[in-house]
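Worksheet: one structure, shown below.
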Amino acid sequence: MKIARGERLSGEFQKEISTVISTKLRNNFPELSAIISVTEADVAPDLKSAKIYISIFDTDVERSKNSFNIIKENAGFIRHELAKVMRIRTIPELRFHIDESMEYGSKIDKILNGLDADKNDK
């Protein structure tokens, strides 16, 4: 039963953090990258901390790093905004991490496409 509650909370945190980043944080920092996704929220069972995985898609690597730094530096602001929306006693400390699974998947696709091209050339 506790696992189901944790999964529900993780899903709600993921949704609400995404909303805060795309609205309030973007209003304060218009230089944020265009596509920012919250791919996963891993909330600790005691609600003391949460690992938030962020995927940032931008053609400019420097802008992508800058966007992640803005999000990381404004973790307190995001937590404060969550406290206004979420109806739980404790809002966990947010720790943001880059989710590189999209880049990894893209790299694997390129490798597989290269193998197919080599096979067709022979």
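Note that the coordinates shown come from a computational prediction; the quantities given were computed from them, not determined experimentally.
Exactly one of L82, I71, L25 qualifies for a side chain to side chain contact (heavy atoms under 4.5 Å, CB included) with I17. That residue is L82.
Between L32 and I56 the shortest side-chain heavy-atom distance does not fall below 4.5 Å.
Distance check, rounded to the nearest 0.5 Å: CZ of F29 to CG of N66 gives 9.5 Å. For the atom pair CD1 (I111) and CG (D109), the distance works out to 9.5 Å, reported to the nearest 0.5 Å. The CG atom of D60 sits 9.0 Å away from the OG atom of S67 when rounded to the nearest 0.5 Å.
Contact record, H97 with F68: C-CE1, 3.8 Å, taken as the closest heavy-atom pair. Summarising the geometry of R79 relative to L94, their closest heavy-atom pair is N-CD1, 3.9 Å, with the distance given to 0.1 Å.
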Under the side-chain contact (heavy atoms from CB on, under 4.5 Å) criterion, do N74 and F96 qualify, and how do the steps go?
CA-CA 10 Å; N74 287 284; F96 290 98; over 6 Å; no

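The ring-ring contact (aromatic ring centres under 6.0 Å, His included) pairs that include a residue from residues 71-92 number zero, where partners must be two or more places apart or lie in different chains. Under the side chain to side chain donor-acceptor pair (under 3.5 Å) criterion, the residue pairs touching residues 12-31 are K24-E81, with sequence neighbours excluded.
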Return a table of donor-acceptor pairs under 3.5 angstrom between the side chains of residues 36-55 and protein atoms on other chains or two or more places apart.
residue, atom, partner, partner atom, Å
T39, OG1, Y53, O, 3.2
T39, OG1, D99, OD2, 2.6
D46, OD1, K48, N, 3.2

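When hydrophobic residues (I, L, V, M, F, W, Y) are linked wherever their side-chain heavy atoms come within less than 4.5 Å, the members clustered with I35 are F57. With side-chain heavy atoms closer than 4.5 Å counting as contact, directly or through intermediates, V85 stands alone and belongs to no larger hydrophobic cluster.
Applying the side chain to side chain donor-acceptor pair (under 3.5 Å) test to R63 and every residue at least two apart in sequence or in another chain returns D58. Every residue was checked against the salt bridge (charged side-chain N to carboxylate O under 4.0 Å, His left out) condition with K72, not counting sequence neighbours, and none meets it. Judged as a salt bridge (charged side-chain N to carboxylate O under 4.0 Å, His left out), and not counting sequence neighbours, E73 has no contacts.
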